[in-house]
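First comes the structure, then the notes that go with it.
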Amino acid sequence: MGFDDNDNEAVEKTSVNEETKRISEKGQDEETSVEESTGMTRTMSESSIYATEDDEDDEAKKIELGPQFTLKEQLEKDKDDESLRRWKEQLLGSVDMNSVGETLEPEVKILSLAIKSPSRPDIFLTIPENGTPKGSWFTLKEGSRYSLLFTLQVCNNIVSGLKYTNTVWKTGVKVDNTKEMLGTFSPQSEPYTYEMPEDTTPSGIFARGSYSARSKFIDDDKKCYLEINYTFDIRKDWQSP
């Protein structure tokens, strides 16, 4: 009796396995026929998938803005239309025509950087030509209030969405990431002055030591006008000038 039961179970398992195999083969045949009729394969490598996603992102970011003009061309265009001229003047603000160039790209130059603190004279920093100061660039006192003050010159065209970013590491670990929107600036002969919001240095034995940092000035088009990679120290007291 037990032997007959085993035979029946074996037959049933064989029938199920054959039916499963038949269904699987049918599905594969149908997929193959679709692929052959369309000339497409459904198998994609991992790199192809990532490339497709990147391409889609790039396409989404591409916006056709139409023909672009220099600021000088914009100001001189339709100059006989009095109402349009007044509208442009109101939109562009006090643009210094002597600082307007013939190119589309604005020219932004960071003229000076200084650290202000209520407890001491301002620290003026020399901007290196290669973007990397030698040794420790400056020293801050722990637990002290300070702010960054800088002047910049804008020529040729309007710079839109100028930002300051600063990333700080200590022993290879990121400890701070600052982003400050500075704004949009028109070209003019006089430099602009901008002071960052006041901040306070950390304090305590674990806060003291050497730090590495990277500061950038970039605009809405991701164009970088200045990048400085430097090191600085936080100590128990200010460094003597």
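Keep in mind the model is a prediction, meaning the values are calculated, not measured.
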Apply salt bridge (Lys or Arg N to Asp or Glu O under 4.0 Å) to residues Lys223 and Glu105 and explain how you reach the verdict.
CA-CA 10 Å; Lys223 181 178 179 180; Glu105 296 295 327; 3.5 Å; yes
Tested for side chain to side chain contact (heavy atoms under 4.5 Å, CB included) against Lys170, the lone hit among Asp176, Val175, Ile234 is Val175
Could you please spell out the steps behind the side chain to side chain contact (heavy atoms under 4.5 Å, CB included) verdict for Glu180 and Lys163?
CA-CA 6 Å; Glu180 176 76 10; Lys163 294 180 288 292; over 6 Å; no
Side chains of Ile158 and Pro187: does their closest heavy-atom pair fall under 4.5 Å?
yes
Can the ring centres of Phe232 and Tyr211 be said to be less than 6.0 Å apart?
yes
What one should report as the nearest heavy-atom pair of Gly143 and Ser203 is N-CB, 3.8 Å
Please answer: with hydrophobic residues joined when any side-chain heavy atoms are less than 4.5 Å apart, are Ile228 and Ile218 in the same cluster?
no
For the pair Glu198 (side chain) and Ser117 (backbone), establish whether a donor and an acceptor sit closer than 3.5 Å, ignoring hydrogens and angles.
no
Residue pair Tyr225 / Leu152, side-chain heavy-atom distance below 4.5 Å
no
Return the CD to CD distance between Gln153 and Glu107, rounded to the nearest 0.5 Å.
8.5 Å
Evaluate the side-chain proximity of Phe138 to Leu125: yes if any heavy-atom separation is below 4.5 Å, no if none is.
yes
For the residue pair Lys222 and Cys224, establish whether any side-chain heavy-atom pair is separated by less than 4.5 Å.
no
Which residue is it: Thr184, Val154, Leu182, Asp220? I am looking for the one with a side chain to side chain contact (heavy atoms under 4.5 Å, CB included) to Val159.
Val154
If you measure only the distance, is there a donor-acceptor pair under 3.5 Å linking the side chains of Ser210 and Thr231?
no
So, do Phe150 and Ser215 sit near enough that their side-chain heavy atoms are less than 4.5 Å apart?
no
With the 4.5 Å side-chain cut-off for hydrophobic clustering, are Leu113 and Ile115 part of the same group?
yes
Same cluster for Val108 and Leu226 if Ile/Leu/Val/Met/Phe/Trp/Tyr side chains link at under 4.5 Å?
yes
Carefully, step by step, assess Glu195 and Thr193 under the rule side chain to side chain contact (heavy atoms under 4.5 Å, CB included).
CA-CA 7 Å; Glu195 184 172 353; Thr193 300; over 6 Å; no
Is Tyr230 close to Thr132 at the side-chain level, that is, under 4.5 Å between some pair of heavy atoms?
no
Between Tyr164 and Tyr194, is the gap from one ring center to the other below 6.0 Å?
no
Minimum heavy-atom separation for Leu111 and Pro191, please, with both atom names.
CD1-CB, 3.7 Å
For Asp219 and Asp221, indicate whether the former's side chain and the latter's backbone hold a donor-acceptor pair under 3.5 Å.
yes
Using side-chain heavy atoms (C-beta onward) and a distance below 4.5 Å, is Pro106 in contact with Asn156?
no
Heavy-atom closest pair, residues Ser144 and Lys141
OG-O, 2.6 Å
May I ask you to say whether Arg208 pairs ionically with Glu142, meaning some side-chain N is under 4.0 Å from a carboxylate O?
yes
For Ile127 and Ile110, what are the C-alpha separation, side-chain angles and deciding distance, and is it a side chain to side chain contact (heavy atoms under 4.5 Å, CB included)?
CA-CA 9 Å; Ile127 302 175; Ile110 311 302; 4.0 Å; yes
Report the C-alpha separation of Trp238 and Leu140 in whole Å, then their side-chain angles, then the decisive distance to 0.1 Å, and conclude whether the side chain to side chain contact (heavy atoms under 4.5 Å, CB included) test is met.
CA-CA 6 Å; Trp238 295 102; Leu140 300 176; 3.8 Å; yes
Smallest separation among heavy atoms of Lys116 and Asp122, with atom names:
CG-OD1, 3.6 Å
With Arg214, the side chain to side chain donor-acceptor pair (under 3.5 Å) member among Asn229, Thr167, Thr165
Asn229
